[in-house]
2 protein chains.
Amino acid sequence: MAIGRPRTFDRDTALDQAMEVFWRHGYEGATIAQLTEAMGINPPSLYAAFGSKEALLKAALDRYTARREAWMEEVLSAPTAREVTARMLMGVAEKQTDPSNPPGCLLVQGGLACGSGSANVPFELAARRAQTEEQLRHRFERAKAEGDLAEAADPAALARYVSAVITGMSVMASSGADREALAQVAEVAIRSVEEQSVRAPIAAN
Amino acid sequence: MAIGRPRTFDRDTALDQAMEVFWRHGYEGATIAQLTEAMGINPPSLYAAFGSKEALLKAALDRYTARREAWMEEVLSAPTAREVTARMLMGVAEKQTDPSNPPGCLLVQGGLACGSGSANVPFELAARRAQTEEQLRHRFERAKAEGDLAEAADPAALARYVSAVITGMSVMASSGADREALAQVAEVAIRSVEEQSVRAPIAAN
DNA sequence: TCCATATTGTAGTGCTCGCTACAAATGTGG
DNA sequence: CCACATTTGTAGCGAGCACTACAATATGGA
């Protein structure tokens, strides 16, 4: 059997370029022409490799979350809820203003409201944002079980709160806020979690 | 001199309908066909009255902020920084989940990232969001001068923080969070400002 | 060497976009 | 009742959209 003409581009490299376009212009604002030019390929190659514009977005989102996985694990491995929050928010302040990427977070910039033809894109992004919140909730539940968070603390509410602050920072970054501005916001938020922490945590590790 | 055929629609009513379409679908996701249908007019009437799609958005934004002006003044008239924040965030939790409007905030849902042809729409929205932050900053500066906020408090940072939380809540609301969820976030954030308040404020009002 | 298979580049497809030309309609002032 | 000014509805403009038909090209296997 024959194998066929080999593809001239690297799938993941092309996906990185597409990610950047979606990140900067949003799903609806990104055109196939912009995407193909950034990816260095022609439309038929794009459609053969990814299927559709929306499927390309999903592939880019998969790669986006996969890229942050290692960092997320490092964040969640911090010994206390307060330290988890601090690493998380300070990391976000840095990442969202990293000049080697578009500002903000792809899961927000991708599109909060879309036209009727792409109505499920906002859902897709929201579902991926919810994953981070869930990871935080689990971590905070563990913190409470370990006596690190106060008895009165609500892990789900805290996770929602941290998640909301992250989103707010993302929007700030996308409209031009610099790292110091984001770090100031992070600092205030970190104290909120600190406030609900037990003063002398068990710190069993 | 003659006066001409009278217009058959009310400008502000039509603007309200347009506002809702932009709110629900974003600037790029809203089509002229959707707008004219919601406004109950035909394209030539829209263009004669507002000039262009972008000018229509700006008119809708003007109306949006004008509508909230009275509420903002009521919020800012609260006696302490803590109370200002509480009224603000609890009001936001309620307004952003009010079923008589699309969820979230028009200044966020309108569009964070846009295609190259509408690049200044995100700027326009960011500028309007910045106004709220500025109002909060002024109010917090006054609070500090009145001895209501601690000496160590940074009014600008606090205003940025509250502004970021509002934005985060807006995104949460747009992806389906209910009022209780938003109120929980608000509650945590309010405690952050409380923490920077002087325990027995001068409360000179 | 020739076939089978897959990708490539060119050049479009139909469709919807924001926007407008134009003529009929509807009012006021003389 | 006529002349003028403005709006209305119809119909359609060029441009750009996501997407694809097709032929040329490049590989591995027989």
Side-chain angles (χ1 to χ4, degrees), chain A residues 1-15 17-19 21-22 24-60 110-111 113-121 124, chain B residues 1-15 17-19 21-22 24-61 110-111 113-122 124:
Chain A
M1 311 234 177
I3 291 288
R5 176 172 176 172
R7 148 179 308 167
T8 62
F9 64 96
D10 178 63
R11 203 192 126 104
D12 284 344
T13 306
L15 218 37
Q17 307 305 320
M19 188 195 299
V21 175
F22 282 132
R24 202 173 294 277
H25 297 292
Y27 175 75
E28 289 192 306
T31 69
I32 297 291
Q34 285 176 316
L35 289 164
T36 52
E37 188 186 343
M39 298 164 89
I41 62 178
N42 294 315
S45 299
L46 189 158
Y47 282 90
F50 300 103
S52 71
K53 187 185 175 186
E54 194 166 328
L56 174 62
L57 174 72
K58 287 184 186 171
C114 277
S116 311
S118 336
N120 50 330
V121 167
E124 184 72 29
Chain B
M1 309 235 179
I3 292 288
R5 177 172 175 172
R7 143 178 313 165
T8 62
F9 64 95
D10 178 64
R11 201 191 127 104
D12 284 344
T13 306
L15 218 37
Q17 306 305 319
M19 188 195 300
V21 175
F22 283 133
R24 202 172 294 278
H25 297 291
Y27 175 75
E28 290 192 306
T31 68
I32 297 291
Q34 285 176 316
L35 289 163
T36 52
E37 187 187 343
M39 299 164 88
I41 61 178
N42 295 314
S45 299
L46 189 157
Y47 283 89
F50 301 103
S52 71
K53 187 185 176 186
E54 195 167 329
L56 175 62
L57 173 72
K58 287 184 186 171
L61 292 176
C114 277
S116 312
S118 336
N120 49 330
V121 167
E124 185 72 29

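Here is the naming used below: chain letters follow the sequence lines, and residue numbers restart at 1 for every chain.
- Annotation: side chain of F50(A) is in contact with side chain of M39(A) (closest heavy-atom distance under 4.5 Å).
- The separation between E37(A) atom CD and dA18(D) atom P is 14 Å, rounded to whole Å.
- Nearest heavy atom pair, residue S116(B) against residue H25(A), reads OG-CE1, 3.8 Å.
- Nucleic acid contact for P44(A): base, since at least one base atom lies under 4.0 Å from a heavy atom of the residue.
- If you measure from atom NZ of K53(B) to atom P of dT20(C), you get 14 Å, rounded to the nearest angstrom.
- Atom CG in L35(B) sits roughly 17 Å away from atom P in dT16(C) (whole-Å rounding).
- Regarding R11(B), its CZ atom lies at a distance of 12 Å from the P atom of dT7(D), rounded to whole Å.
- The side chain of R7(A) sits closest to dT8(C) out of dG29(C), dT8(C), dA26(D).
- Within 4.0 Å of P43(B), counting heavy atoms only, lies at least one base atom of the nucleic acid.
- As a whole-Å value, the separation of Q34(A) CD from dG16(D) C1' is 12 Å.
- Nucleic acid contact for A30(B): sugar-phosphate only, since backbone atoms but no base atoms lie under 4.0 Å from a heavy atom of the residue.
- Note on S45(B): a side-chain N or O is less than 4.0 Å away from OP1 or OP2 of dT8(D).
- Of the side-chain N and O atoms in Y47(B), one or more sit less than 4.0 angstrom from OP1 or OP2 of dC19(C).
- Listed nucleotides: dT20(C), dT7(D), dT8(C). Nearest to the side chain of R5(B): dT7(D).
- The minimum heavy-atom distance between C114(B) and S118(B), with the atom names listed, is CB-O, 3.5 Å.
- A sub-4.0 Å separation between OP1 or OP2 of dT8(C) and a side-chain N or O of T8(A) is present.
- Of all non-hydrogen atoms in L46(B) and L56(B), the two that sit nearest each other are CD1-CD2, 4.0 Å.
- Atom CZ of F50(A) and atom C1' of dT7(C) are 14 Å apart (whole Å).
- Following rounding to the nearest Å, N42(A) (CG) and dG9(C) (P) show an atom-to-atom distance of 5 Å.
- The side-chain heavy atoms of Y27(B) and K53(B), taken from C-beta on, include a pair separated by under 4.5 Å.
- Picking from dT8(C), dA18(D), dG28(D) the nucleotide with the shortest atom distance to the side chain of F9(A) gives dT8(C).
- Computed from coordinates, the E54(A) CD to dC17(D) P distance equals 18 Å when rounded to whole Å.
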